[in-house]
Enquirer: 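Below is the structure I would like to discuss, written out as structure tokens.
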There are 2 protein chains.
Amino acid sequence: MSRPFADEPSFSSGSVTIHDVAQAAGVSVSTVSRILNGKPDVAKATRQRVQNVIERLGYTPHVSAQSLAARRSNQISLLFPLEHANLTQLELDFFVSAAEAAEAADYILNLITTPLDTTRLLNLYKSKQTDGVILMQVQMDDARAQILRAQGYPFVMIGHGQDSDGMSFVDMDFEATFALALQHLVDLGHRQVGFIARPYTMRQRNLGSAVRTLKGYLDACERLSLTPHYREPLLDPQEVYVAARELLREEPSMTAIIASNGAASVAVMRAVQETGRSVPADFSLVALATAKIANLTTPPLTAIHFPTDKMGYEAARILTSMLRDPARPLEQILIAPELIVRGTTQSPR
Amino acid sequence: MSRPFADEPSFSSGSVTIHDVAQAAGVSVSTVSRILNGKPDVAKATRQRVQNVIERLGYTPHVSAQSLAARRSNQISLLFPLEHANLTQLELDFFVSAAEAAEAADYILNLITTPLDTTRLLNLYKSKQTDGVILMQVQMDDARAQILRAQGYPFVMIGHGQDSDGMSFVDMDFEATFALALQHLVDLGHRQVGFIARPYTMRQRNLGSAVRTLKGYLDACERLSLTPHYREPLLDPQEVYVAARELLREEPSMTAIIASNGAASVAVMRAVQETGRSVPADFSLVALATAKIANLTTPPLTAIHFPTDKMGYEAARILTSMLRDPARPLEQILIAPELIVRGTTQSPR
DNA sequence: TTGAAAGCGTTACCAG
DNA sequence: CTGGTAACGCTTTCAA
């Protein structure tokens, strides 16, 4: 391994190692390592000298070697099982903001779409591929969450299940969401308010968001002494359209509907318009949607804002800070809903 | 390191290593490694025996150790600089499908949103963090692409620049796209067709998509002997609205507009409706949009389909197969446009 | 404040 | 077909 010029990058290996740096700076490998990791107990002068050499040689640590020795990967994984892909625009924003937060904490975000069984999930940790995961599509009784908690592996959920003791999560406060949406409509004078819920298949799979949105609606109805009317159609606009028509027939005096997402709202509008009524003059509509979606329709949707970017960001932030400091207390964040009145709600005639 | 039962997992280290497996199976580490990597030259019986031990001990290879020794990370990175975030829904679909393709080829996809300067980009490779990258937001004269090509680092672009020799990419065929869109409108009888292009700021930054879409429009106009009328407003709907109004005033006989994305189309519709005309009876509209978006508006948008999912998938597929077989020829995929006639185009009155 | 050396868990080459 | 043994590039005691 002898080279003609000891302070030039190694040409044999093709890439500069910590060894080359140490040699060129006339210090030991340990010292370089300390400097790399910002450890104290290094003479100012030495630090500076080594920094210069690092700069000059264009040295970059080998991440796998670091991970192997340091026993952590500096990676976190976002698990988004594509299996029952209910790919509304919603979920997509999560990724970017989670990646942002991860990078801000010096972590790299992996996106994993393959549905993982328990073994494969645990292997993610055992193989040291990832230091922690963000779970999406959380079920009320989520096996993944329970096993991770039992094993003491760090994770954060977007959404949450029944028993969340000892788990960190970020979720919408669906109870408050429906209380707010319904109150808005009731304040306007509506007394018969229907609901296009998440698909029945999702509730059947015990997905937290499906269970909680329906419960939120039912509870809010009860508190306001309204009679609930709901359907749980698939995401397909045509199915939603049919469901909305059923709802309108079932309760002809219905004057408003709440829809779980933007696409559904459009289908509902069509059904309403077909009965000769128009939105918002004769019929009101509240959706759960981001501003981006809400502004696409005509008229723009009055909506409960769904802060996907914030949720993704927070989840990654919580996870990375857990990893930095395991003693950190849990964080369970329920995001308060925010009603944005646009063009689809109004007092009934 | 001596343990009471040599064929039980090591409790001292906390995790099972290839050593434990070798010992428990009564073979050498090399043999286990061969089996792990599906190498030939292993006796059937030995292979089976070792597989069983692996199963029994619940062994999973340490990925960093593998990467270090094998000199590859089995990771690819999707670079999506969030800097000038033109976060239309468009880009978001890319991530999921790219992750899917990566996983299908046994790679992990990293999502990197921090804008990387040249040094940091190269460090990604030098640190062996990633085996290859997918570049998004490609400029006509993309410094990243040029340096990667010069260094011989594997990468694939979504989009492409001026000089793409020796580079693999996936992009829309914007020339054909506008030829198709304009031909459709001309066939219907339109002779004055405006265009809401990508933001001027994007073209100024020399982004391939901005440059090529505008050029596509201008070329198509020339071929069909139409007079071009266009604006390059920011993505903000209000800006688009203003631009559309200007266009309508500039050429009162205009009967159709092409818009770069779904959100823009909605703003255009408002501007049109304000002049007392309605879509599609008095005015036609063609957008570049995915079906998901196109179906949100009323009426649903006649559109050139923008196959984001396919583009992301192909990019990751090309990259991973390049990595597996460096001798593979380049792939430069120009996706042919597909016109989907929905509710916003019709013959002018 | 610094250095030496022992790992970290694999892969890959070379013998046999 | 199998085993021994150097790497791979870094972190982390432990001494000095």
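Here is the naming used below: chain letters follow the sequence lines, and residue numbers restart at 1 for every chain.
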Enquirer: When all nucleic acid strands are considered with a 4.0 Å heavy-atom cut-off, which category describes Ser67(B): base, sugar-phosphate, or nothing?
Expert: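 The answer is nothing, as Ser67(B) stays clear of every strand by at least 4.0 Å.
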
Enquirer: What string of B, S and - do you get for nucleotides 11-16 of chain C 5' to 3' if you count protein non-hydrogen atoms under 4.0 Å?
Expert: BB----

Enquirer: Can you list the steps and then say if Thr31(B) with Ser28(B) is a side-chain hydrogen bond (donor to acceptor under 3.5 Å, both in side chains)?
Expert: CA-CA 5 Å; Thr31(B) 301; Ser28(B) 75; 3.2 Å; yes

Enquirer: What is the distance, to the nearest angstrom, from the NZ atom on Lys126(B) to the C1' atom on dC8(D)?
Expert: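 Going from Lys126(B) (NZ) to dC8(D) (C1'), I get 18 Å.
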
Enquirer: For the residue pair Phe80(A) and Phe95(A), is the inter-centroid distance of their aromatic rings smaller than 6.0 Å?
Expert: yes

Enquirer: Is the backbone of Ser77(B) close enough, under 3.5 Å, to the side chain of Thr130(B) for a donor and an acceptor to pair up by distance?
Expert: yes

Enquirer: Is it the case that the side chain of Asp131(B) and the backbone of Asn74(B) share a donor-acceptor pair, with hydrogens and angles ignored and the cut-off at 3.5 Å?
Expert: yes

Enquirer: Let me know, please, whether Asp41(B) or Thr60(A) comes out on the 5' side of the other along DNA chain D by nearest nucleotide.
Expert: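 Taking each residue's closest nucleotide, the earlier one in sequence belongs to Asp41(B).
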
Enquirer: Which pair of non-hydrogen atoms, one from Val32(B) and one from Val21(B), has the smallest distance, and what is that distance?
Expert: CG1-CG1, 3.9 Å

Enquirer: Give the rounded distance in Å between these two atoms: CZ of Arg49(B) and P of dC1(D).
Expert: 14 Å

Enquirer: So, does Thr31(B) get its side chain near the phosphate of dG3(D), meaning an N or O under 4.0 Å from OP1 or OP2?
Expert: yes

Enquirer: To the nearest angstrom, how far is His19(B) atom NE2 from dG7(C) atom P?
Expert: 12 Å

Enquirer: Compare side-chain N and O positions of Thr17(B) against OP1 and OP2 of dG9(C) and report whether any pair is under 4.0 Å apart.
Expert: no

Enquirer: To the nearest angstrom, how far is Gln23(A) atom CD from dC10(D) atom C1'?
Expert: 16 Å

Enquirer: Between dG9(D), dC8(C), dT2(D), spot the one nearest the side chain of Arg71(A), thanks.
Expert: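 Output: dC8(C).
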
Enquirer: Please work out if Thr46(B) contacts a base, only the sugar-phosphate, or nothing of the nucleic acid, heavy-atom cut-off 4.0 Å.
Expert: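 The residue Thr46(B) makes sugar-phosphate contact but no base contact.
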
Enquirer: With nearest nucleotide decided by heavy atoms, which residue, Ala43(B) or Val63(A), maps closer to the 5′ end of DNA chain D?
Expert: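 Nearest-nucleotide comparison on DNA chain D picks Ala43(B).
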
Enquirer: May I ask you to decide if Ala316(B)'s main-chain N or O and Thr320(B)'s side chain share a donor-acceptor pair within less than 3.5 Å?
Expert: yes

Enquirer: Got a donor-acceptor contact below 3.5 angstrom from the Gln137(B) side chain to the Leu207(B) backbone?
Expert: no

Enquirer: In whole angstroms, how far is the P atom of dT10(C) from the CG atom of Leu68(A)?
Expert: 9 Å

Enquirer: In whole angstrom, what separates Asp20(A)'s CG from dG9(D)'s P?
Expert: 9 Å

